There are 2 protein chains.
Amino acid sequence: MDGGSDHHLDHDLDEVWKALSDPTRRAIMDLLRDGRKTTGELVSSFPGMTRFGVMKHIRVLEEAHLLVHRKEGRTRWNYLNAVPLRRIYERWVSKYEDQWSGALTNLKHIAEADEPKENQT
Amino acid sequence: MDGGSDHHLDHDLDEVWKALSDPTRRAIMDLLRDGRKTTGELVSSFPGMTRFGVMKHIRVLEEAHLLVHRKEGRTRWNYLNAVPLRRIYERWVSKYEDQWSGALTNLKHIAEADEPKENQT
DNA sequence: CGCTTATGTGACCGTATAGTCACATTTGAA
DNA sequence: TTCAAATGTGACTATACGGTCACATAAGCG
């Protein structure tokens with residue numbers, strides 16, 4: 001679970017992090033959380049963007065393995081794949097959990113340590 | 001916890017998502033998890049990059065509130081702020097937790113449902 | 001005080017990317 | 001069979017951004 005294996009997973013997760021950095025793509029993920037959606041349905045959820053733009057985002061999500069699709073005739077169904085999110089949690093967020101319980105305490109400590117010296121900030 | 005409040009938090013978290021999309025910045029976060037670091041120490045951790053490049057990343061992290069700094073004379077100490085990560089978890093990852101316990105099951109179900117029809121893929 | 005160390009800022013540049021558009025193919029319905 | 005619906009692909013464009021560089025300031029030390 002540690003060492004090289006994590007490093008390898010971290011490398012794989014770069015695409016996931018990049019995919020999630022865009023708000024439209026996060027919104028697509030949210031929509032898919034409620035159940036599968038056709039490409040057309042996703043497109044119509046973003047009236048301010050052309051369908052090519054939305055499709056481009058769909059493609060990025062798919063390449064990051066956050067989305068899988070199935071064709072049914074002329075209809076393409078898109079499904080959420082939450083596994084990479086789990087990887088994000090395991091590799092990343094969980095490692096900081098022991099930090100954030102004390103995060104505000106740590107910041108207060110820094111503030112207190114700095115307070116006697118007024119020439120800083 | 002739901003509705004407008006979440007939406008507001010989501011907007012705030014855009015900077016966090018963007019900040020974490022870069023591998024160098026994630027590496028900086030990892031280094032800070034072990035304890036505060038001077039800018040120079042962070043710079044020396046990336047021998048393949050100029051100090052200006054590293055400093056630029058530090059700035060992005062700071063603007064995303066993932067990092068706070070304190071000056072001590074000519075030395076700048078950088079501290080991890082894990083709170084936005086907690087926000088990421090609460091706003092994002094946790095919402096998908098009920099998804100990923102069944103994620104593989106869902107994907108298998110899709111695969112099984114598709115299997116009888118061979119003209120799809 | 002002179003020199004070194006630690007850090008800061010703005011300009012520049014090549015690459016990436018979000019989004020649009022032109023043109024296209026395939027499937028479904030009447 | 002014709003037309004509509006659903007989706008696909010590559011080119012283009014403006015903006016973003018990761019990284020370098022020139023020049024700078026401020027603090028520390030002997």
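This one's a predicted model, so the numbers in the text were calculated from it and none came from an experiment. Chain A is the first sequence line, chain B the second, and so forth, proteins listed ahead of strands; every chain is numbered from 1.
- Interatomic distance, CZ of B/Arg51 versus CG of B/Leu42, reported as 13.5 Å (0.5 Å rounding).
- Distance B/Glu63 CD to C/dG8 P: 13 Å, rounded to the nearest Å.
- You'll find a donor-acceptor pair under 3.5 Å spanning the side chain of B/Arg74 and the base of C/dT5, going by distance alone.
- Atoms CE (A/Met55) and C1' (C/dT17) sit 17 Å apart, rounded to a whole Å.
- Considering A/Leu32, A/Leu80, A/Leu20 as possible partners of A/Leu66, the one that fulfils the side-chain contact (heavy atoms from CB on, under 4.5 Å) test is A/Leu20.
- Separating the CG atom of B/Leu42 from the P atom of C/dA6 is a distance of 14 Å, rounded to the nearest angstrom.
- Taking atom CD1 of residue A/Ile58 and atom C1' of nucleotide D/dG8, one finds them 12 Å apart after rounding to whole Å.
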Treat primed atoms plus P, OP1 and OP2 as sugar-phosphate and everything else as base, then score nucleotides 16-21 of chain D 5' to 3': B for base contact with protein heavy atoms under 4.0 Å, S for sugar-phosphate contact only, - for none. -SBBBB

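- Judged purely by atom type and a 3.5 angstrom limit, B/Tyr96 uses its side chain to pair as donor or acceptor with the backbone of A/Asp30.
- Around CZ of A/Arg33, the count of heavy atoms belonging to other residues, nucleotides or ligands within 6.0 Å exceeds 12.
- The main-chain N or O of A/Trp77 is never found under 3.5 Å from a side-chain atom of A/Arg36 such that the two would form a donor-acceptor pair.
- Here the OG1 atom belonging to B/Thr75 is positioned 9.0 Å from the CD atom belonging to B/Glu41, to the nearest 0.5 angstrom.
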